[in-house]
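Lettering of chains follows the sequences in order, A, B, ..., and the numbering in each one begins at 1. Heavy atoms only: backbone and side chains are in, while hydrogens, waters and symmetry mates are out.
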Number of protein chains: 2
Amino acid sequence: MRSNQVTIKDIARELGISASTVSRALKDHPDISVETKKAVNELAKNLNYQPNAIALSLKHSKSFSIGVIIPETVHYFFSTVISGIEDIAYEAGYNVIICQSNELYSREKSNAHMLYSNRVDGLLVSLAKETTDFGHLRFFQDNNIPVVCFDRASEEILCDQVIIDDYTAAHRIVSYLIERGHQKLVHLAAPQHLSIGYYRQKGFRDALEKHGLPFDESQVIMADQFEKAIDAVEKLIQSGNIPDGIFAVNDLTALGAMKALKKHKLSIPNDVGVVGFGDGQNAQLTDPSLTTIDQNGYAMGKRAAEILLDRIKNGTANFDPQKYLIDTRLIVRESVR
Amino acid sequence: MRSNQVTIKDIARELGISASTVSRALKDHPDISVETKKAVNELAKNLNYQPNAIALSLKHSKSFSIGVIIPETVHYFFSTVISGIEDIAYEAGYNVIICQSNELYSREKSNAHMLYSNRVDGLLVSLAKETTDFGHLRFFQDNNIPVVCFDRASEEILCDQVIIDDYTAAHRIVSYLIERGHQKLVHLAAPQHLSIGYYRQKGFRDALEKHGLPFDESQVIMADQFEKAIDAVEKLIQSGNIPDGIFAVNDLTALGAMKALKKHKLSIPNDVGVVGFGDGQNAQLTDPSLTTIDQNGYAMGKRAAEILLDRIKNGTANFDPQKYLIDTRLIVRESVR
DNA sequence: ATCGAAATCGCAATCGTTTGCGGTAAACAT
DNA sequence: ATGTTTACCGCAAACGATTGCGATTTCGAT
């Protein structure tokens with residue numbers, strides 16, 4: 001039961017020297033003779049000595065770990081972001097503590113507290129849909145722990161943001177939809193207090209305007225999940241007011257829309273064109289495959305981690321929060337005429 | 001730059017009392033007067049005091065965190081496992097450090113070292129495909145840190161295992177395939193040193209035998225990824241030796257097979273029936289949708305975490321490693337006649 | 001007036017590691 | 001013989017919190 005994990009003291013005792021000497025020997029300090037170093041290093045290897053990172057953290061007030069809070073790992077996009085974060089953190093000798101908020105504000109908050117208790121050196125967060133209060137993030141900032149928001153950011157919290165250019169991307173794919181002959185459009189949207197919700201909707205409206213198409217509020221329908229999309233499109237069909245083009249705020253929502261359309265024997269893309277946003281791996285598997293935007297989650301994760309590590313290194317002194325945009329790509333497939 | 005994170009000493013200084021008193025007051029120790037407690041708690045709240053988990057870990061030689069090593073979070077299955085793990089850990093006040101091996105032994109090993117350095121109280125691991133040496137896991141056991149393997153386990157490392165009943169599930173779905181009239185079968189298999197690879201293949205063979213079908217080694221083809229499946233099926237088609245049923249070791253492999261079949265205008269399921277394993281969210285989106293096995297990753301994650309926490313609590317004294325089987329479900333869709 | 005027992009609280013060690021500073025011994029110079 | 005340098009190493013404090021034990025005060029009891 002008692003654990004026999006070997007410490008610096010064990011090595012010191014065995015060799016009849018002091019712990020400080022062992023410590024210095026292990027890190028090749030010039031004060032220590034070569035024989036002592038040799039003895040220490042050999043014994044350390046034999047005993048399988050592994051430094052206790054916890055003691056180091058306490059000593060240095062630095063944990064060499066960063067916290068990540070994301071809505072849900074089950075989304076392909078977020079897991080690619082995680083990979084990007086991990087690769088950068090790993091290179092720099094940091095480890096990553098990942099938490100899921102499950103889109104719940106309460107969980108996001110308690111995750112934040114847990115991460116603070118563990119004294120992460122920095123925080124990467126993608127906001128839950130519910131989140132409208134940011135005290136838990138300001139708390140980090142008040143304690144000089146840098147915070148970087150990615151993907152799901154908000155203007156109400158002042159911190160570095162790494163986001164995709166939602167507006168431009170939305171504008172682009174909606175324009176594409178229009179130019180391919182889809183004119184009577186509907187947008188399945190996310191909550192507008194999230195910047196992704198707002199900017200994608202804005203891109204949608206402006207693309208309509210640019211092409212001289214009229215706009216009515218009824219063309220924006222709040223629905224950002226698979227099931228919700230099914231319901232929303234179902235309602236549209238029932239009402240007889242069927243659009244000939246749908247811009248969904250994300251791929252899963254687009255797939256939901258497609259499912260409802262197929263059920264009513266509406267042809268995609270002939271009767272209705274559908275485009276999504278944020279190319280997961282699903283988009284290429286459907287029939288027809290989905291024209292969408294590649295969000296490049298991996299690049300976003302890398303960039304966010306780089307910025308955070310930079311803030312950790314250089315401090316948040318002359319703090320001047322930046323907004324970094326990640327490039328997107330229009331991926332043309334079969335769901336548009 | 002200097003962080004102003006408030007400690008117990010700050011409270012003590014402010015109140016003119018000792019750190020020990022503050023500590024005791026905060027945890028309602030009977031030795032402390034109600035007035036002192038009140039003063040301490042109020043000040044702690046005002047100062048936003050949060051206990052330093054690192055100091056606690058060091059003091060108690062217990063970090064209240066568990067490590068998880070998985071091949072890749074991008075797989076739907078693994079992210080559901082993570083959710084299960086997190087839910088249980090969260091309830092018990094543990095936090096979770098997730099690492100990806102990216103199917104690399106070297107990365108798995110260095111992740112393990114990192115987790116040990118951070119003195120996790122337990123380890124949950126799903127082996128990388130490459131892994132055939134288990135020293136990094138034995139190291140944990142030698143230091144009395146419990147290890148539980150899930151999904152990807154090996155007989156060569158003695159620890160608790162939480163796996164699905166691969167054999168039974170494979171036997172079942174292959175039997176289903178045969179009984180629906182597919183007789184000339186091929187199995188796209190995973191490496192045989194992984195138990196999932198071995199048992200799914202075994203289930204395949206035994207199902208053939210049970211139904212009086214002949215078996216030849218050429219019916220088992222090593223291919224366990226989307227791209228590899230495309231290549232493998234492509235080769236089969238080129239050789240003219242086209243099967244009328246394919247049992248893929250996982251869903252993505254099945255989808256790869258389907259893609260190759262479709263490319264050659266072979267009808268699914270009329271010309272070739274296809275079944276997968278481990279229902280991701282993809283399986284229901286394809287056309288035709290894929291008949292497969294639901295692996296129930298969430299349940300697996302919960303179970304694995306429960307077992308680990310139990311081992312942590314009760315120690316690994318009279319160590320008697322168990323093998324726990326998670327129930328699976330045959331999900332009938334459209335890819336079989 | 002003296003004693004004993006509560007009631008409160010502080011001292012100091014501890015967890016594992018680092019690090020400034022001081023100490024010792026040998027070797028060299030004067 | 002005395003002073004100075006060099007090489008090597010240990011002491012002790014520190015990081016933040018906990019905890020056994022002892023110390024002090026107060027108060028009622030005798």
Side-chain angles (χ1 to χ4, degrees), chain A residues 2-41 43-44 47-65 116-121 143-145, chain B residues 2-41 43-44 47-65 116-121 143-145:
Chain A
R2 282 293 305 141
S3 84
N4 48 346
Q5 312 187 351
V6 28
T7 75
I8 256 184
K9 293 184 183 176
D10 297 324
I11 299 178
R13 195 178 328 108
E14 188 106 353
L15 255 37
I17 58 181
S18 79
S20 13
T21 301
V22 176
S23 172
R24 279 187 264 251
L26 286 172
K27 49 188 38 170
D28 206 27
H29 191 285
D31 265 14
I32 307 299
S33 71
V34 283
E35 304 98 64
T36 307
K37 279 179 190 167
K38 189 150 164 284
V40 168
N41 281 304
L43 187 58
L47 262 43
N48 246 319
Y49 168 74
Q50 297 282 122
N52 186 322
I54 294 176
L56 288 175
S57 296
L58 182 59
K59 181 69 184 167
H60 292 137
S61 306
K62 183 145 176 40
S63 63
F64 276 102
S65 60
Y116 176 77
S117 276
N118 281 78
R119 296 301 189 270
V120 290
D121 295 334
N143 286 284
N144 295 321
I145 300 175
Chain B
R2 284 291 309 140
S3 84
N4 48 348
Q5 312 188 350
V6 27
T7 75
I8 252 183
K9 293 183 183 176
D10 297 324
I11 299 178
R13 195 178 330 107
E14 187 107 354
L15 255 37
I17 57 181
S18 78
S20 14
T21 302
V22 175
S23 173
R24 280 187 264 251
L26 286 172
K27 47 189 38 170
D28 207 25
H29 191 284
D31 265 13
I32 309 299
S33 72
V34 283
E35 304 99 63
T36 306
K37 279 179 190 168
K38 191 151 164 283
V40 168
N41 281 303
L43 187 58
L47 262 44
N48 247 320
Y49 168 74
Q50 297 282 121
N52 185 320
I54 294 175
L56 289 175
S57 296
L58 183 58
K59 179 68 184 168
H60 297 310
S61 305
K62 182 145 176 41
S63 63
F64 274 102
S65 60
Y116 176 78
S117 276
N118 281 79
R119 297 299 191 272
V120 291
D121 295 334
N143 286 283
N144 295 322
I145 301 175

Q: For a quick check of understanding: with a heavy-atom distance under 4.0 Å over all strands, which category does A:Ile17 fall into, base, sugar-phosphate or nothing?
A: sugar-phosphate
Q: Working to the nearest 0.5 angstrom, can you tell me the gap between A:Gln5 CD and B:Ile145 CD1?
A: 4.5 Å
Q: Can you give me the bend angle of the helix from C:dA1-D:dT30 to C:dT30-D:dA1? Use the axis through the first five pairs and the one through the last five, nearest 10 degrees.
A: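 Roughly 80°, once rounded to the nearest ten degrees.
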Q: Drop me the distance from B:Ile54's CD1 to A:Lys62's NZ, to the nearest 0.5 angstrom.
A: 10.5 Å
Q: Return the CG to CG distance between A:Asn143 and B:Asn48, rounded to the nearest 0.5 Å.
A: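 If I round to the nearest 0.5 Å, the distance is 7.5 Å.
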Q: Below 4.0 Å from chain B heavy atoms, what is the first contacting nucleotide of DNA chain D and what is the last?
A: D:dC15 to D:dG20
Q: Can you tell me if B:Lys38 has over 12 outside heavy atoms packed within less than 6.0 Å of its NZ?
A: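 No, NZ of B:Lys38 has 12 or fewer neighbouring heavy atoms, counting only those of other groups under 6.0 Å.
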Q: Quick one: does A:Thr7's side chain get under 4.5 Å of A:Asn52's, heavy atoms only?
A: no
Q: How far does CG of A:Leu26 sit from CD1 of A:Ile32, to the nearest 0.5 angstrom?
A: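 The distance works out to 10.0 Å.
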Q: Less than 4.5 Å apart, any side-chain heavy atom of B:Leu43 and any of B:Leu15?
A: yes
Q: Let me confirm one number: the NE2-OG distance from B:His29 to B:Ser20, rounded to the nearest 0.5 Å.
A: 11.0 Å
Q: Test of understanding: with side chain to side chain donor-acceptor pair (under 3.5 Å), list the residues that count as partners of B:Ser23, not counting sequence neighbours.
A: none
Q: Hey, which of B:Asn118, B:Asp121, B:Val120 is the one that makes side chain to side chain contact (heavy atoms under 4.5 Å, CB included) with B:Ser65?
A: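 When side chain to side chain contact (heavy atoms under 4.5 Å, CB included) is applied between B:Ser65 and each of B:Asn118, B:Asp121, B:Val120, only B:Val120 qualifies.
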Q: Which atom pairs link the protein and nucleotides 12-15 of chain C when you take only N or O atoms and keep those under 3.5 Å?
A:
| residue | atom | partner | partner atom | Å |
| --- | --- | --- | --- | --- |
| C:dT14 | O2 | B:Lys59 | NZ | 2.4 |
| C:dC15 | OP2 | A:Lys9 | NZ | 3.4 |
| C:dC15 | O2 | B:Lys59 | N | 3.4 |

Q: When you measure from every atom of DNA chain D, which of residues 24-38 of chain B have a heavy atom less than 4.0 Å away?
A: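 Residues of residues 24-38 of chain B under 4.0 Å from DNA chain D: B:Arg24, B:Lys27.
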Q: Please enumerate all residues that pass ring-ring contact (aromatic ring centres under 6.0 Å, His included) together with B:Phe64, with sequence neighbours excluded.
A: B:Tyr94
Q: Under the side-chain contact (heavy atoms from CB on, under 4.5 Å) criterion, do A:Ile8 and A:Tyr49 qualify, and how do the steps go?
A: CA-CA 8 Å; A:Ile8 256 184; A:Tyr49 168 74; 3.6 Å; yes
Q: Rounded at 0.5 Å granularity, tell me how far CG in A:Leu56 sits from NZ in A:Lys59.
A: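 Going from CG on A:Leu56 over to NZ on A:Lys59, the span is 10.5 Å.
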Q: Whole angstroms only, please: what is the NZ-C1' distance between A:Lys62 and C:dT18?
A: 16 Å
